[in-house]
J.: 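The structure that follows is given in the form of C-alpha coordinates.
Everything quoted here is computed from the prediction, not taken from an experiment. Values below: all heavy atoms of this structure, side chains included; hydrogens, waters and symmetry mates excluded. Throughout, protein chains are lettered first and strands after them, A, B, ... in sequence-line order, and every chain is numbered starting at 1.
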Amino acid sequence: MGVDLSEIIQRKIIKLDDLKGKIIAIDAYNALYQYLAAIRQQDGKPLMNRFGEITSHLSGLFYRTINLLELGIKPVYVFDGKPPELKYKELERRIKVKEEAEKQYQKAIESGEIEEARSYAQRAIRLTDRMVDDSIRLLTYMGIPYVKSPSEGEAQAAYIAKKGDAWAAASQDYDSLLYASPRLVRNLAITGKRKVPKMDAYVEVLPELIILEEVLSSLKITQEQLIELGILIGTDYNPEGFERIGPKTALNLIKKYGNLRMALKSINIEYKDEYDKIKSIFLNPNVTDNYKLEWNLPDEGKVISFLTGEKDFSQERVKNALQRIRQSPVFKKSQSGLEAWFG
DNA sequence: CTCTAATA
DNA sequence: TATTAGAGG
(Lines give C-alpha, C1' and ligand atoms only; values in the text may rest on other atoms or scores of the structure.)
Protein backbone atom coordinates (compact mmCIF):
# COMPACT_ATOMS: atom_id res chain seq x y z
CA MET A 1 0.00 0.00 0.00
CA GLY A 2 2.30 2.71 1.25
CA VAL A 3 1.60 6.36 1.67
CA ASP A 4 -0.82 7.95 -0.81
CA LEU A 5 0.72 11.14 -2.11
CA SER A 6 -0.82 10.89 -5.57
CA GLU A 7 -3.15 13.86 -5.11
CA ILE A 8 -0.54 16.40 -4.14
CA ILE A 9 2.59 15.64 -6.12
CA GLN A 10 3.82 16.38 -9.60
CA ARG A 11 4.58 13.55 -11.96
CA LYS A 12 6.06 13.58 -15.40
CA ILE A 13 4.90 11.08 -17.95
CA ILE A 14 8.00 9.61 -19.54
CA LYS A 15 8.87 7.07 -22.21
CA LEU A 16 10.78 3.96 -21.23
CA ASP A 17 13.30 5.13 -23.77
CA ASP A 18 14.06 8.12 -21.54
CA LEU A 19 15.61 5.63 -19.11
CA LYS A 20 18.13 4.42 -21.67
CA GLY A 21 21.54 3.95 -20.15
CA LYS A 22 20.23 4.29 -16.60
CA ILE A 23 20.50 1.91 -13.66
CA ILE A 24 17.15 1.44 -11.95
CA ALA A 25 16.72 -0.11 -8.49
CA ILE A 26 13.43 -1.97 -8.67
CA ASP A 27 11.35 -2.82 -5.62
CA ALA A 28 11.17 -6.55 -6.36
CA TYR A 29 8.19 -7.39 -4.14
CA ASN A 30 6.22 -4.62 -5.72
CA ALA A 31 7.03 -5.82 -9.24
CA LEU A 32 6.35 -9.50 -8.52
CA TYR A 33 3.10 -8.63 -6.87
CA GLN A 34 1.98 -6.76 -9.92
CA TYR A 35 2.83 -9.63 -12.22
CA LEU A 36 0.80 -11.97 -10.03
CA ALA A 37 -2.13 -9.58 -10.20
CA ALA A 38 -1.94 -8.84 -13.90
CA ILE A 39 -0.82 -12.02 -15.62
CA ARG A 40 -3.94 -14.13 -15.67
CA GLN A 41 -5.98 -16.29 -17.95
CA GLN A 42 -9.45 -15.33 -19.05
CA ASP A 43 -11.01 -17.25 -16.16
CA GLY A 44 -8.88 -15.29 -13.73
CA LYS A 45 -6.54 -18.14 -12.87
CA PRO A 46 -2.82 -17.33 -12.84
CA LEU A 47 -0.42 -19.15 -15.14
CA MET A 48 0.60 -22.49 -13.69
CA ASN A 49 2.98 -25.31 -14.56
CA ARG A 50 2.04 -28.98 -14.71
CA PHE A 51 2.37 -29.31 -10.91
CA GLY A 52 -0.15 -26.54 -10.37
CA GLU A 53 2.54 -24.12 -9.16
CA ILE A 54 1.90 -20.47 -10.03
CA THR A 55 4.31 -19.09 -12.62
CA SER A 56 2.84 -15.67 -13.49
CA HIS A 57 5.51 -13.83 -11.52
CA LEU A 58 8.29 -15.61 -13.39
CA SER A 59 6.74 -14.89 -16.77
CA GLY A 60 6.45 -11.20 -15.95
CA LEU A 61 9.90 -10.98 -14.41
CA PHE A 62 11.57 -12.78 -17.31
CA TYR A 63 9.99 -10.93 -20.22
CA ARG A 64 9.87 -7.52 -18.59
CA THR A 65 13.53 -7.69 -17.59
CA ILE A 66 14.48 -8.59 -21.14
CA ASN A 67 12.52 -5.65 -22.47
CA LEU A 68 14.34 -3.33 -20.11
CA LEU A 69 17.74 -4.70 -21.17
CA GLU A 70 16.78 -4.28 -24.80
CA LEU A 71 16.03 -0.64 -24.14
CA GLY A 72 19.48 -0.22 -22.62
CA ILE A 73 18.07 0.00 -19.08
CA LYS A 74 20.01 -1.81 -16.37
CA PRO A 75 17.69 -3.22 -13.70
CA VAL A 76 18.74 -4.24 -10.22
CA TYR A 77 16.08 -5.96 -8.14
CA VAL A 78 15.84 -5.11 -4.46
CA PHE A 79 14.17 -7.64 -2.16
CA ASP A 80 12.69 -7.21 1.30
CA GLY A 81 14.32 -8.57 4.44
CA LYS A 82 12.78 -8.60 7.88
CA PRO A 83 10.05 -5.98 8.23
CA PRO A 84 10.28 -3.40 11.05
CA GLU A 85 8.35 -4.35 14.20
CA LEU A 86 5.97 -1.49 13.62
CA LYS A 87 4.79 -3.11 10.40
CA TYR A 88 3.60 -6.37 11.96
CA LYS A 89 0.14 -5.07 12.75
CA GLU A 90 -0.35 -3.97 9.17
CA LEU A 91 0.99 -7.27 7.83
CA GLU A 92 -1.46 -9.18 10.02
CA ARG A 93 -4.26 -7.01 8.75
CA ARG A 94 -3.28 -7.77 5.16
CA ILE A 95 -3.30 -11.51 5.86
CA LYS A 96 -6.81 -11.22 7.26
CA VAL A 97 -7.98 -9.30 4.19
CA LYS A 98 -6.54 -12.02 1.99
CA GLU A 99 -8.17 -14.81 3.98
CA GLU A 100 -11.50 -13.05 3.64
CA ALA A 101 -10.96 -12.54 -0.09
CA GLU A 102 -10.16 -16.24 -0.41
CA LYS A 103 -13.51 -17.14 1.17
CA GLN A 104 -15.40 -14.72 -1.05
CA TYR A 105 -13.57 -16.15 -4.04
CA GLN A 106 -14.74 -19.69 -3.27
CA LYS A 107 -18.27 -18.39 -2.80
CA ALA A 108 -18.22 -16.58 -6.13
CA ILE A 109 -16.87 -19.65 -7.90
CA GLU A 110 -19.64 -21.82 -6.45
CA SER A 111 -22.34 -19.40 -7.56
CA GLY A 112 -20.69 -19.01 -10.95
CA GLU A 113 -20.00 -15.29 -10.75
CA ILE A 114 -16.90 -15.04 -12.88
CA GLU A 115 -16.26 -11.30 -12.64
CA GLU A 116 -16.63 -11.34 -8.87
CA ALA A 117 -14.39 -14.36 -8.59
CA ARG A 118 -11.70 -12.68 -10.62
CA SER A 119 -11.77 -9.62 -8.44
CA TYR A 120 -11.53 -11.62 -5.22
CA ALA A 121 -8.81 -13.80 -6.70
CA GLN A 122 -6.72 -10.68 -7.19
CA ARG A 123 -7.20 -9.56 -3.63
CA ALA A 124 -6.25 -13.02 -2.36
CA ILE A 125 -2.83 -13.02 -4.02
CA ARG A 126 0.06 -14.03 -1.82
CA LEU A 127 3.73 -13.80 -2.56
CA THR A 128 5.26 -16.91 -1.02
CA ASP A 129 8.87 -17.54 0.00
CA ARG A 130 9.01 -20.11 -2.76
CA MET A 131 8.02 -17.50 -5.34
CA VAL A 132 10.70 -15.15 -4.07
CA ASP A 133 13.32 -17.93 -4.13
CA ASP A 134 12.38 -18.88 -7.67
CA SER A 135 12.56 -15.26 -8.76
CA ILE A 136 16.02 -14.83 -7.26
CA ARG A 137 17.10 -18.05 -8.93
CA LEU A 138 15.88 -16.81 -12.30
CA LEU A 139 17.61 -13.44 -11.90
CA THR A 140 20.86 -15.17 -10.94
CA TYR A 141 20.73 -17.40 -14.01
CA MET A 142 19.92 -14.36 -16.15
CA GLY A 143 22.95 -12.46 -14.87
CA ILE A 144 20.82 -9.69 -13.36
CA PRO A 145 21.99 -8.31 -10.00
CA TYR A 146 19.76 -8.34 -6.95
CA VAL A 147 20.17 -6.89 -3.48
CA LYS A 148 18.63 -8.25 -0.35
CA SER A 149 17.67 -5.48 2.05
CA PRO A 150 18.16 -6.08 5.78
CA SER A 151 14.67 -4.64 6.17
CA GLU A 152 12.43 -2.80 3.70
CA GLY A 153 13.20 -3.21 0.00
CA GLU A 154 11.99 0.31 -0.74
CA ALA A 155 14.40 1.74 1.80
CA GLN A 156 17.32 -0.12 0.25
CA ALA A 157 16.32 0.86 -3.30
CA ALA A 158 16.10 4.49 -2.21
CA TYR A 159 19.50 4.22 -0.54
CA ILE A 160 21.10 2.82 -3.70
CA ALA A 161 19.63 5.70 -5.70
CA LYS A 162 20.62 8.23 -3.05
CA LYS A 163 24.22 7.04 -3.18
CA GLY A 164 24.15 7.41 -6.95
CA ASP A 165 24.66 3.70 -7.67
CA ALA A 166 21.28 3.78 -9.37
CA TRP A 167 19.66 6.66 -11.20
CA ALA A 168 16.25 6.06 -9.68
CA ALA A 169 14.18 3.72 -7.54
CA ALA A 170 11.19 2.04 -9.17
CA SER A 171 8.01 1.18 -7.28
CA GLN A 172 4.29 1.85 -7.39
CA ASP A 173 4.41 3.17 -3.86
CA TYR A 174 5.49 6.65 -2.90
CA ASP A 175 7.37 5.49 0.19
CA SER A 176 10.65 5.73 -1.71
CA LEU A 177 10.29 9.50 -1.52
CA LEU A 178 9.95 9.35 2.25
CA TYR A 179 13.15 7.31 2.20
CA ALA A 180 14.67 10.19 0.20
CA SER A 181 15.18 8.55 -3.15
CA PRO A 182 16.14 11.45 -5.44
CA ARG A 183 14.01 9.99 -8.22
CA LEU A 184 11.11 7.58 -8.33
CA VAL A 185 9.87 5.79 -11.43
CA ARG A 186 6.31 4.47 -11.27
CA ASN A 187 4.65 2.06 -13.67
CA LEU A 188 7.92 0.50 -14.73
CA ALA A 189 6.86 -3.10 -14.20
CA ILE A 190 3.46 -2.54 -15.69
CA THR A 191 2.75 -0.36 -18.65
CA GLY A 192 0.12 -0.70 -21.29
CA LYS A 193 -3.60 -1.12 -21.09
CA ARG A 194 -5.23 -1.86 -17.81
CA LYS A 195 -8.83 -2.77 -17.30
CA VAL A 196 -10.88 -0.46 -15.11
CA PRO A 197 -12.53 -2.65 -12.46
CA LYS A 198 -16.14 -3.59 -13.18
CA MET A 199 -16.18 -1.45 -16.31
CA ASP A 200 -15.75 -2.37 -19.92
CA ALA A 201 -13.08 0.24 -20.31
CA TYR A 202 -9.31 0.38 -20.47
CA VAL A 203 -6.87 3.08 -19.42
CA GLU A 204 -3.39 3.48 -20.75
CA VAL A 205 -0.77 3.17 -18.01
CA LEU A 206 2.42 5.04 -18.79
CA PRO A 207 5.69 5.20 -16.87
CA GLU A 208 6.09 8.32 -14.79
CA LEU A 209 8.96 10.06 -13.10
CA ILE A 210 8.84 11.90 -9.80
CA ILE A 211 11.78 14.04 -8.77
CA LEU A 212 12.11 14.47 -5.01
CA GLU A 213 13.66 17.91 -5.19
CA GLU A 214 10.79 19.14 -7.36
CA VAL A 215 8.22 17.67 -5.01
CA LEU A 216 9.77 19.42 -2.01
CA SER A 217 10.18 22.75 -3.78
CA SER A 218 6.69 22.78 -5.26
CA LEU A 219 5.10 21.82 -1.94
CA LYS A 220 7.50 24.19 -0.18
CA ILE A 221 8.35 21.68 2.54
CA THR A 222 11.49 19.92 3.76
CA GLN A 223 12.32 16.22 3.59
CA GLU A 224 11.50 15.89 7.28
CA GLN A 225 8.17 17.60 6.73
CA LEU A 226 7.42 15.22 3.86
CA ILE A 227 7.87 12.33 6.27
CA GLU A 228 5.63 13.97 8.86
CA LEU A 229 3.11 14.65 6.12
CA GLY A 230 3.23 10.94 5.28
CA ILE A 231 2.55 10.01 8.89
CA LEU A 232 -0.48 12.31 8.90
CA ILE A 233 -1.83 10.65 5.77
CA GLY A 234 -0.95 7.18 7.02
CA THR A 235 2.00 4.90 6.26
CA ASP A 236 2.54 1.13 6.50
CA TYR A 237 3.49 1.78 10.12
CA ASN A 238 0.34 3.73 11.02
CA PRO A 239 -2.07 2.63 8.28
CA GLU A 240 -5.09 4.06 10.01
CA GLY A 241 -3.78 7.60 9.65
CA PHE A 242 -6.05 10.16 11.29
CA GLU A 243 -9.78 10.70 11.10
CA ARG A 244 -10.79 12.96 8.22
CA ILE A 245 -7.22 13.79 7.24
CA GLY A 246 -6.27 13.05 3.66
CA PRO A 247 -3.36 14.29 1.58
CA LYS A 248 -4.67 17.83 1.13
CA THR A 249 -5.58 18.54 4.74
CA ALA A 250 -2.34 16.95 5.86
CA LEU A 251 -0.32 19.22 3.59
CA ASN A 252 -2.16 22.30 4.82
CA LEU A 253 -1.60 21.32 8.44
CA ILE A 254 2.11 20.67 7.99
CA LYS A 255 2.62 23.94 6.17
CA LYS A 256 0.58 25.94 8.63
CA TYR A 257 2.03 24.47 11.81
CA GLY A 258 5.48 23.51 10.57
CA ASN A 259 5.68 20.06 12.08
CA LEU A 260 3.68 17.02 13.08
CA ARG A 261 3.67 17.78 16.78
CA MET A 262 2.13 21.22 16.34
CA ALA A 263 -0.19 20.03 13.57
CA LEU A 264 -1.63 17.36 15.86
CA LYS A 265 -1.89 19.81 18.72
CA SER A 266 -3.97 22.10 16.51
CA ILE A 267 -6.57 19.39 16.06
CA ASN A 268 -6.39 18.23 19.68
CA ILE A 269 -4.67 14.93 19.05
CA GLU A 270 -2.05 13.75 21.50
CA TYR A 271 1.45 13.22 20.11
CA LYS A 272 2.75 9.68 20.61
CA ASP A 273 6.34 8.44 20.89
CA GLU A 274 5.42 6.00 18.17
CA TYR A 275 5.50 8.84 15.64
CA ASP A 276 9.15 9.46 16.45
CA LYS A 277 9.84 5.80 15.83
CA ILE A 278 8.11 5.93 12.46
CA LYS A 279 10.08 9.02 11.56
CA SER A 280 13.34 7.30 12.36
CA ILE A 281 12.43 4.34 10.15
CA PHE A 282 12.36 6.77 7.23
CA LEU A 283 15.23 9.00 8.35
CA ASN A 284 17.62 6.24 9.40
CA PRO A 285 16.47 3.15 7.54
CA ASN A 286 18.04 -0.24 8.09
CA VAL A 287 19.99 -0.68 4.85
CA THR A 288 23.26 -2.21 3.75
CA ASP A 289 26.31 -1.13 1.75
CA ASN A 290 27.16 -4.72 1.10
CA TYR A 291 26.09 -5.14 -2.51
CA LYS A 292 27.68 -5.34 -5.90
CA LEU A 293 25.97 -4.37 -9.13
CA GLU A 294 27.12 -6.44 -12.07
CA TRP A 295 25.26 -7.38 -15.24
CA ASN A 296 26.37 -10.59 -16.90
CA LEU A 297 25.26 -12.54 -19.93
CA PRO A 298 22.81 -15.24 -18.87
CA ASP A 299 23.84 -18.79 -18.11
CA GLU A 300 21.65 -20.02 -20.94
CA GLY A 301 21.68 -23.69 -19.99
CA LYS A 302 20.46 -22.89 -16.49
CA VAL A 303 17.76 -20.48 -17.65
CA ILE A 304 16.49 -23.02 -20.17
CA SER A 305 16.48 -26.00 -17.83
CA PHE A 306 14.83 -23.99 -15.05
CA LEU A 307 12.09 -22.40 -17.13
CA THR A 308 11.35 -25.19 -19.58
CA GLY A 309 12.19 -28.14 -17.34
CA GLU A 310 10.56 -27.03 -14.10
CA LYS A 311 8.20 -24.26 -15.04
CA ASP A 312 6.88 -25.47 -18.38
CA PHE A 313 7.78 -22.37 -20.39
CA SER A 314 8.01 -23.02 -24.10
CA GLN A 315 11.54 -23.81 -25.21
CA GLU A 316 11.21 -21.74 -28.35
CA ARG A 317 10.11 -18.64 -26.48
CA VAL A 318 12.84 -18.91 -23.87
CA LYS A 319 15.55 -19.38 -26.48
CA ASN A 320 14.21 -16.46 -28.41
CA ALA A 321 14.31 -14.31 -25.30
CA LEU A 322 17.89 -15.32 -24.50
CA GLN A 323 18.87 -14.29 -27.98
CA ARG A 324 17.37 -10.88 -27.27
CA ILE A 325 19.46 -10.57 -24.11
CA ARG A 326 22.65 -11.22 -26.06
CA GLN A 327 21.64 -8.59 -28.59
CA SER A 328 20.65 -6.02 -25.99
CA PRO A 329 22.65 -2.76 -26.02
CA VAL A 330 23.81 -3.45 -22.47
CA PHE A 331 25.87 -6.40 -23.68
CA LYS A 332 26.38 -5.55 -27.32
CA LYS A 333 28.53 -2.60 -26.35
CA SER A 334 30.72 -4.44 -23.91
CA GLN A 335 31.09 -7.42 -26.24
CA SER A 336 32.24 -5.30 -29.15
CA GLY A 337 34.84 -3.71 -26.92
CA LEU A 338 33.31 -0.26 -27.08
CA GLU A 339 33.36 1.95 -24.06
CA ALA A 340 31.13 0.63 -21.31
CA TRP A 341 27.87 2.39 -20.71
CA PHE A 342 28.55 3.06 -17.12
CA GLY A 343 32.11 3.86 -16.19
C1' DC B 1 1.76 -8.69 -18.38
C1' DT B 2 4.13 -10.10 -23.04
C1' DC B 3 4.50 -13.07 -27.08
C1' DT B 4 3.09 -14.70 -31.52
C1' DA B 5 0.34 -15.25 -35.37
C1' DA B 6 -3.24 -13.51 -38.00
C1' DT B 7 -5.23 -9.64 -40.25
C1' DA B 8 -5.71 -5.08 -42.64
C1' DT C 1 4.09 -1.69 -40.99
C1' DA C 2 0.60 -1.36 -37.46
C1' DT C 3 -3.00 -3.27 -34.88
C1' DT C 4 -5.46 -6.99 -32.48
C1' DA C 5 -6.93 -11.62 -30.51
C1' DG C 6 -5.67 -15.45 -28.11
C1' DA C 7 -2.26 -18.11 -25.69
C1' DG C 8 1.22 -18.50 -22.49
C1' DG C 9 2.20 -21.94 -18.00
Side-chain angles (χ1 to χ4, degrees), chain A residues 13-17 19 24 26-73 75 77 114-115 117-119 121-128 130-139 141-142 144 170-173 185-197 199-208 298 300 302-328 330:
Chain A
I13 302 295
I14 56 167
K15 294 193 288 282
L16 280 182
D17 208 50
L19 302 176
I24 310 292
I26 301 173
D27 179 356
Y29 271 67
N30 199 269
L32 293 176
Y33 210 88
Q34 292 191 65
Y35 298 135
L36 286 172
I39 304 179
R40 308 232 147 205
Q41 311 175 92
Q42 351 229 262
D43 61 2
K45 289 205 185 83
L47 301 183
M48 285 183 285
N49 68 0
R50 80 201 102 114
F51 310 117
E53 298 166 343
I54 294 174
T55 52
S56 294
H57 56 301
L58 295 174
S59 184
L61 184 66
F62 185 55
Y63 292 116
R64 191 53 167 168
T65 302
I66 287 159
N67 282 337
L68 296 179
L69 292 176
E70 245 180 347
L71 285 159
I73 300 167
Y77 287 89
I114 305 298
E115 279 283 304
R118 214 189 139 105
S119 151
Q122 293 225 355
R123 259 179 273 175
I125 297 166
R126 280 192 237 199
L127 190 54
T128 64
R130 175 71 191 286
M131 290 173 179
V132 172
D133 290 347
D134 279 347
S135 301
I136 288 176
R137 227 174 121 193
L138 178 60
L139 289 172
Y141 296 161
M142 288 173 77
I144 305 299
S171 173
Q172 288 308 99
D173 295 344
V185 176
R186 298 186 70 239
N187 302 338
L188 183 73
I190 49 120
T191 50
K193 283 186 278 293
R194 235 197 179 188
K195 199 173 181 301
V196 181
M199 305 254 281
D200 197 17
Y202 290 84
V203 282
E204 178 99 40
V205 180
L206 299 166
E208 51 192 45
E300 303 201 3
K302 282 185 174 163
V303 173
I304 290 169
S305 73
F306 179 50
L307 289 183
T308 71
E310 282 184 43
K311 303 299 179 187
D312 294 351
F313 280 52
S314 106
Q315 188 137 346
E316 194 192 326
R317 281 184 178 212
V318 171
K319 283 188 173 164
N320 212 319
L322 289 169
Q323 173 75 14
R324 290 170 54 204
I325 297 183
R326 277 199 299 275
Q327 296 296 318
S328 76
V330 171

J.: Nearest whole Å is fine: how far is B/dT2 P from A/Ile190 CD1?
T.: 9 Å
J.: Take the protein atom NZ of A/Lys311 and the nucleotide atom C1' of C/dG8, then report the distance between them rounded to whole Å.
T.: 16 Å
J.: Mind checking side chain to side chain contact (heavy atoms under 4.5 Å, CB included) for A/Arg317 and listing every partner two or more places apart, or none if nothing turns up?
T.: A/Tyr63, A/Ser314
J.: Would you kindly give the CD1-to-P distance between A/Ile125 and B/dC1, to the nearest whole Å?
T.: 14 Å
J.: Measuring to OP1 and OP2 of B/dC3, would you say a side-chain N or O of A/Arg324 lies under 4.0 angstrom away?
T.: yes
J.: Remember a base hit wins even if backbone is also touched, and classify A/Ser56 as base, sugar-phosphate or nothing at under 4.0 Å, heavy atoms.
T.: nothing
J.: In whole Å, what is the span from the CG atom of A/Leu138 to the P atom of C/dG9?
T.: 14 Å
J.: Which part of the nucleic acid, if any, lies within reach of A/Tyr63 when heavy atoms closer than 4.0 Å are counted: base, sugar-phosphate only, or nothing?
T.: sugar-phosphate
J.: Between A/Ser119 and A/Arg123, do the side chains contain a donor N or O and an acceptor N or O under 3.5 Å apart?
T.: yes
J.: For A/Arg40 and B/dC1, give me the distance from atom CZ to atom P, rounded to whole Å.
T.: 14 Å
J.: Just how far, in rounded Å, is P of B/dT2 from CZ of A/Phe313?
T.: 13 Å
J.: Any carboxylate oxygen within less than 4.0 angstrom of a Lys/Arg side-chain nitrogen, looking at A/Asp134 and A/Arg130?
T.: yes
J.: Rounded to whole Å, please give me the gap between CD in A/Gln42 and P in C/dT4.
T.: 17 Å
J.: Less than 4.0 angstrom between a side-chain N/O of A/Asn320 and OP1 or OP2 of B/dT4, yes or no?
T.: yes
J.: Among all residues two or more places apart in sequence or in another chain, which pass the salt bridge (charged side-chain N to carboxylate O under 4.0 Å, His left out) test with A/Arg126?
T.: A/Glu102
J.: So, under a plain 3.5 Å distance rule, would you say the side chain of A/Gln41 forms a donor-acceptor pair with the base of C/dG9?
T.: yes
J.: Distance check needed: C/dG8 P versus A/Asp312 CG, whole Å only.
T.: 12 Å
